Enquirer: 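Quick one: structure below, then a few questions.
All values reported here derive from a predicted model rather than from experimental measurement.
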2 protein chains.
Amino acid sequence: MNYDANFNPRVSDSEIFEAIKKEKQEIGYYNLPFQHTQKVKEYAKTVKQKNVAVIGIGGSTLGTYAIYSFLARTHDLDKKLFFFESTDPIDINSRIEKFDLEDTLFIVISKSGTTIETISVFKYLSSKVTIDKSNCLVITEDDSKLNNFAKANGIKTFEVPKNVGGRFSVFSNVGIVPLAIVGIDIDQLLDGCKESYLGYFEQELLYKRIMTKARFMAEYKHKFNNNVVFSYASELEGFNKWYVQLWGESLGKIDNDNTHQGLTPIGLLGPVDQHSFLQLIIEGKRDKTVTFIKVKDFHDDSTIPAIKLKGLEELDYINNLKFSDLINHQADATIKAVQDLQDIPCDTFTIEKVDEFNLGKLMYIYELLTSVVGKFLFINAYDQPGVESGKIILKEKLKQKK
Amino acid sequence: MNYDANFNPRVSDSEIFEAIKKEKQEIGYYNLPFQHTQKVKEYAKTVKQKNVAVIGIGGSTLGTYAIYSFLARTHDLDKKLFFFESTDPIDINSRIEKFDLEDTLFIVISKSGTTIETISVFKYLSSKVTIDKSNCLVITEDDSKLNNFAKANGIKTFEVPKNVGGRFSVFSNVGIVPLAIVGIDIDQLLDGCKESYLGYFEQELLYKRIMTKARFMAEYKHKFNNNVVFSYASELEGFNKWYVQLWGESLGKIDNDNTHQGLTPIGLLGPVDQHSFLQLIIEGKRDKTVTFIKVKDFHDDSTIPAIKLKGLEELDYINNLKFSDLINHQADATIKAVQDLQDIPCDTFTIEKVDEFNLGKLMYIYELLTSVVGKFLFINAYDQPGVESGKIILKEKLKQKK
């Protein structure tokens, strides 16, 4: 009797790559870098209001917030963006007080069109100020009930394509419409995405980096079940939150072997979290990978003045140091301390500068990485069946109350 | 030959309790609820400035921010509090623009007195506005170099006791001085702490709850290495951050058996994170415990108006619902969805209302819980040796540059 077997289920990089290329025909986010933006930019120019309020939650706001908050402090933008996400009444009312509702464009964003948080807040705001076609814009799927509402009231709409999931929708109309309105260069943003797209699909370096990292994440999913992103710039706080949704909601799934999968995303900010979470990384359980993100050029020359403080002379070595150099030295020192341990996997992205192009590039790499890890884990990275149960319980409870 | 042995190393609750009672003689935070606050309140009354800027990082600010941000939106406070934590130049400069530096009391807080972030920002602010004994206050250890600086310049100081660690210092002068200055009732806050202290040390219910939870955390530390706090109130965002430091930095240690220990804290906000991290909880790897925190009474009757939106009639069942009821129904629905899975350990705290007493009570419970888990893990919950290596690398680098 002859017997030959090969039970090694390990897939090759090229098999995964073929699967991604196939998936690219169906999953809409891949091709967003190549869309035409003319209509969006033309519409953006027509907006007269000084403020823009985005009403949405989750994938409808996190990416937009990530980009806006990265750029808003250093870019001279035309308008201010405000976000209404929560149903917390204290939160809603304190946000309302921050700007003039009468001079505001309200953008209601919901892919499905029936998101309970979004519609609740929209109704509430409608009782505070008249909202009609003159100060409202709707971004939703073409056949959603929210779209019907917009049509019935002559409100302008932009479409969310059916095959672009919420957490992958930042470069669709969901993100680029509000961003274009406030004056962010969406073409530069998409050019950054394009560079990552081409880097992965047509060049060697980024392809290898993404494949290697994704394979590592999947192959060590039990040992390193937590993936820390440690960003050394306060402006990346929004990026961290966007990453947490992208990674957590895409990869937290039941796989083809009916087993609970999931890599846990954790977002940290340096140097603040050196005084918080860092101790856990350095001495804690070896269950974490760490990705550092640095900003090379902050475009800010603020310097620690050469002031001598009586009693504190020992700290005079920080005098005349630029803050941008200090924070990057802090990042490098932490990176070295983690590397020296030799048993914590880590990598570092360095963003060239605080602009649209560089953030688009980084965010698109993270989208690709998430897709590839999903393939290695044999899961569907694009649905979220787990959150339905809670929604059904809530709906039943509220309907019973009526 | 007779042989009798008992290798079972499992400690009993009463052994742990005895160890905690012994530790209570040395570790300073335990007795903070019983301190006299007269001098702090008297000083607070003398502050004339409209704004208060806290310059500090980690344990010097996180607890104060947690309490201030929980209360500030609903309480009619006397002054506004601003925080300078980061060395990110864009962050520092954008904060400076938000208030009048000329009408500000600057509180420099550093336990050790030589925190590089704190002194850098202090020097920078000193170049923007004259800072002297008329508009400055220092909170530090009695023999620190920062204290020498204060003495040399006639600046008022409050002491941080040596035996109160940074992340356990919120109820010491570190927290109560700035909070009292802006008009927060620090006696109510400490009364909340007292209730938890007495509940644990002298009564049955809280003692059992803390012991059971801490034992579970320690006994399932490998299976459930992530501990999620899911707070259903935007006002608890600061509490979440404080929890992350307290839990991560206290428990991420090398134990008596020379093994890396550590439970990973994760802070989530409802309902927003239902649209982000929740999918990972529901379908992901069973490596998480979940603690829900609800607020029973938001003191806000804002209601979803009974507006009918053409096309969106199916959502009319939310009409006339208070937002405070909606958010709590959302919390309950998520709790039920998680409980129904039966393989995710979870518990729920319900805060009666948004006030000092209730938050003090909760935060002190978390401090006690952290101490007890530390005992079960055979680690020192009060030091942070892991962060030293990075500090040394940074210092050498900066000194070389000079």
Enquirer: Using heavy-atom distances under 4.5 Å, tell me whether Phe122(B) contacts chain A through its side chain, its backbone, both, or neither.
Expert: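 Side chain only.
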Enquirer: Based on non-hydrogen pairs under 4.5 Å, which of Gln384(B), Glu97(B), Lys151(B), Glu117(B) is most in contact with chain A?
Expert: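 If we count pairs closer than 4.5 Å to chain A, Glu117(B) comes out on top.
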Enquirer: Judged by atom type as modelled, is there a donor-acceptor pair below 3.5 Å linking the side chain of Glu249(A) to the main-chain atoms of Arg167(A)?
Expert: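 Pair absent, no side-chain N/O of Glu249(A) close to backbone of Arg167(A).
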Enquirer: I'd like to verify something: which residue of Leu341(B), Asn153(B), Asp332(B), Leu251(B) has the highest number of heavy-atom pairs under 4.5 Å with chain A?
Expert: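 Option with the greatest count: Asp332(B).
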Enquirer: For a quick check under 3.5 Å, do Lys308(A) and Asn319(A) share a side-chain donor-acceptor pair by atom type?
Expert: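 Note: Lys308(A) and Asn319(A) side chains miss the donor-acceptor criterion.
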Enquirer: For Phe298(B), which atoms come within 4.5 Å of any heavy atom of chain A: side chain, backbone, both, or neither?
Expert: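 Both parts, backbone and side chain.
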Enquirer: When heavy-atom pairs shorter than 4.5 Å are enumerated against chain A, which of Lys322(B), Lys221(B), Lys253(B), Lys391(B) gives the highest number?
Expert: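 Winner by heavy-atom pair count: Lys253(B).
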Enquirer: Hey, which of Ala337(B), Ser120(B), Ser127(B) has the most heavy atom pairs under 4.5 Å with chain A?
Expert: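 Heavy-atom pairs under 4.5 Å are most numerous for Ser120(B).
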Enquirer: Using non-hydrogen atoms and a 4.5 Å limit, figure out which bit of Lys310(B) sits close to chain A: side chain, backbone, both or neither.
Expert: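 When you check distances to chain A, atoms from both the backbone and side chain of Lys310(B) fall under 4.5 Å.
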Enquirer: For Asn227(A) and Tyr243(A), work out which heavy atoms get closest and say how close.
Expert: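 Closest heavy-atom pair between Asn227(A) and Tyr243(A): O-OH, 2.7 Å.
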Enquirer: For Thr264(B), is it the side chain, the backbone, both, or neither that has a heavy atom closer than 4.5 Å to a heavy atom of chain A?
Expert: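 For Thr264(B), the contact with chain A is made by backbone and side chain together.
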Enquirer: Between Ile266(B) and chain A, with a heavy-atom cut-off of 4.5 Å, which part of the residue counts as in contact: side chain, backbone, both or neither?
Expert: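 For Ile266(B), the side chain is the part near chain A, not the backbone.
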Enquirer: Can you name the residues that form a side chain to side chain contact (heavy atoms under 4.5 Å, CB included) with Ala381(A), not counting sequence neighbours?
Expert: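 So Ala381(A) forms a side chain to side chain contact (heavy atoms under 4.5 Å, CB included) with Ser250(A).
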Enquirer: Would you mind telling me which of Asn147(B), Thr334(B), Leu315(B), Asp325(B) has the largest number of heavy-atom pairs within less than 4.5 Å of chain A?
Expert: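 Top option by heavy-atom pairs under 4.5 Å: Leu315(B).
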Enquirer: Indicate the atoms forming the closest heavy-atom contact of Ile281(B) with Ile344(B), along with that distance.
Expert: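 What the structure gives for the nearest pair is O-CD1, 3.1 Å.
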Enquirer: Please name the residue in the list Lys145(B), Lys123(B), Lys399(B) that meets the salt bridge (Lys or Arg N to Asp or Glu O under 4.0 Å) test with Asp316(A).
Expert: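 It is Lys123(B); the other options fail the test.
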Enquirer: With a 4.5 Å cut-off on heavy-atom pairs, point out which of Gly390(A), Pro305(A), Gly262(A), Ser389(A) contacts chain B the most.
Expert: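 If we count pairs closer than 4.5 Å to chain B, Pro305(A) comes out on top.
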Enquirer: Report which part of Lys288(B) has an atom under 4.5 Å of a heavy atom belonging to chain A: side chain, backbone, both, or neither.
Expert: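 Contact with chain A: side chain only.
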Enquirer: Under a 4.5 Å heavy-atom cut-off, does chain A meet the side chain of Ser60(B), its backbone, both or neither?
Expert: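 No part of it gets close to chain A.
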Enquirer: Have Asn320(A) and Thr303(A) got a donor and an acceptor in their side chains that come within less than 3.5 Å?
Expert: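 Checked: Asn320(A)/Thr303(A) side chains show no N/O donor-acceptor pair below 3.5 Å.
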Enquirer: If we ignore hydrogens and angles and just use 3.5 Å, is the side chain of Ser86(A) paired with the main-chain N or O of Asp88(A) as donor and acceptor?
Expert: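 Yes.
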Enquirer: Could you tell me which portion of Ile304(A) (side chain, backbone, both or neither) has an atom closer than 4.5 angstrom to a non-hydrogen atom of chain B?
Expert: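 The answer is the side chain of Ile304(A).
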Enquirer: Could you tell me if Glu283(B) and Gln261(A) have a donor-acceptor pair between their side chains, going purely by distance under 3.5 Å?
Expert: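 No pair is found: no donor N or O on one side chain lies under 3.5 Å from an acceptor on the other.
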Enquirer: Using non-hydrogen atoms and a 4.5 Å limit, figure out which bit of Asn328(B) sits close to chain A: side chain, backbone, both or neither.
Expert: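 Neither part.
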Enquirer: Going from CZ on Arg286(A) to CG on Asp343(A), what distance comes out if it is rounded to the nearest 0.5 angstrom?
Expert: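 Reported value, rounded in 0.5 Å steps: 4.0 Å.
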Enquirer: Do the side chain of Glu313(B) and the main chain of Gly311(B) share a donor and acceptor less than 3.5 angstrom apart?
Expert: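 Yes.
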Enquirer: As an exercise: rank Ser234(B), Gly270(B), Gly166(B), Gly248(B) by heavy-atom pairs under 4.5 Å with chain A and give me the winner.
Expert: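 The candidate making the most pairs under 4.5 Å is Ser234(B).
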Enquirer: Pick from Ile254(A), Ile90(A), Ile393(A), Val272(A): which one has the most heavy-atom pairs with chain B under 4.5 Å?
Expert: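 Answer, by heavy-atom pair count under 4.5 Å with chain B: Ile90(A).
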Enquirer: Out of Glu235(A), Glu85(A), Lys241(A), which one racks up the most heavy-atom pairs below 4.5 Å with chain B?
Expert: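 Most heavy-atom pairs under 4.5 Å with chain B: Glu235(A).
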Enquirer: Most heavy-atom pairs under 4.5 angstrom with chain B, which of Gly58(A), Gly59(A), Ser302(A), Ala306(A)?
Expert: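 Max contact count across the listed options: Ser302(A).
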Enquirer: Output the option from Asn148(A), Leu326(A), Ile379(A) having the highest count of non-hydrogen pairs under 4.5 Å with chain B.
Expert: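 Winner by heavy-atom pair count: Leu326(A).
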Enquirer: Using heavy-atom distances under 4.5 Å, tell me whether Asp91(B) contacts chain A through its side chain, its backbone, both, or neither.
Expert: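 It is both, since atoms from each part get that close.
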Enquirer: Compute whether any side-chain donor of one residue and acceptor of the other, for Ser324(B) and Asp297(B), lie under 3.5 angstrom apart.
Expert: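 Asp297(B) and Ser324(B) do not have a side-chain donor-acceptor pair below 3.5 Å.
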Enquirer: Could you look at Ala152(B) and say if it's the side chain, the backbone, both or neither that has a heavy atom under 4.5 Å from chain A?
Expert: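 It is the side chain, since no backbone atom gets that close.
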Enquirer: Taking atom types as modelled and ignoring hydrogens, do the side chains of Thr87(B) and Gln330(A) form a donor-acceptor contact shorter than 3.5 angstrom?
Expert: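 Yes, Gln330(A) and Thr87(B) have a side-chain donor paired with an acceptor closer than 3.5 Å.
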Enquirer: Measure distances from Val354(B) to the heavy atoms of chain A and classify the residue's part below 4.5 Å as side chain, backbone, both or neither.
Expert: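 Looking at Val354(B), just its side chain touches chain A.
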Enquirer: Quick one: what part of His222(B) sits under 4.5 Å from any heavy atom of chain A, side chain, backbone, both or neither?
Expert: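 Both parts, backbone and side chain.
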Enquirer: Using distance alone, with no hydrogens and no angle criterion, decide if Gln400(B) and Glu396(B) have a side-chain donor and acceptor under 3.5 Å apart.
Expert: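 Not at all, the side chains of Gln400(B) and Glu396(B) share no donor-acceptor pair under 3.5 Å.
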Enquirer: Within the 4.5 Å heavy-atom criterion, are Thr115(A) and Ile119(A) side-chain neighbours or not?
Expert: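 Thr115(A) does not reach Ile119(A) side chain to side chain.
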Enquirer: Look at Gln274(A), His299(A), Gln245(A) and state which one has the largest set of heavy-atom pairs under 4.5 Å with chain B.
Expert: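 Most heavy-atom pairs under 4.5 Å with chain B: Gln245(A).
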Enquirer: Please state whether the side chain, the backbone, both or neither of Leu263(B) comes within less than 4.5 Å of a heavy atom of chain A.
Expert: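 For Leu263(B), backbone heavy atoms alone lie under 4.5 Å from chain A.
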Enquirer: Non-hydrogen atoms of chain B under 4.5 Å away: do they reach the side chain of Ser94(A), the backbone, both or neither?
Expert: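 The answer is the side chain of Ser94(A).
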Enquirer: With a 4.5 angstrom heavy-atom cut-off, is it the side chain or the backbone of Leu246(A) that approaches chain B, or both, or neither?
Expert: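 Contact with chain B is absent: no heavy atom of Leu246(A) under 4.5 Å.
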Enquirer: Considering only residues two or more places apart or on different chains, which pairs with a residue in residues 267-276 of chain B satisfy salt bridge (Lys or Arg N to Asp or Glu O under 4.0 Å)?
Expert: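 Residue pairs with at least one partner in residues 267-276 of chain B: there are none.
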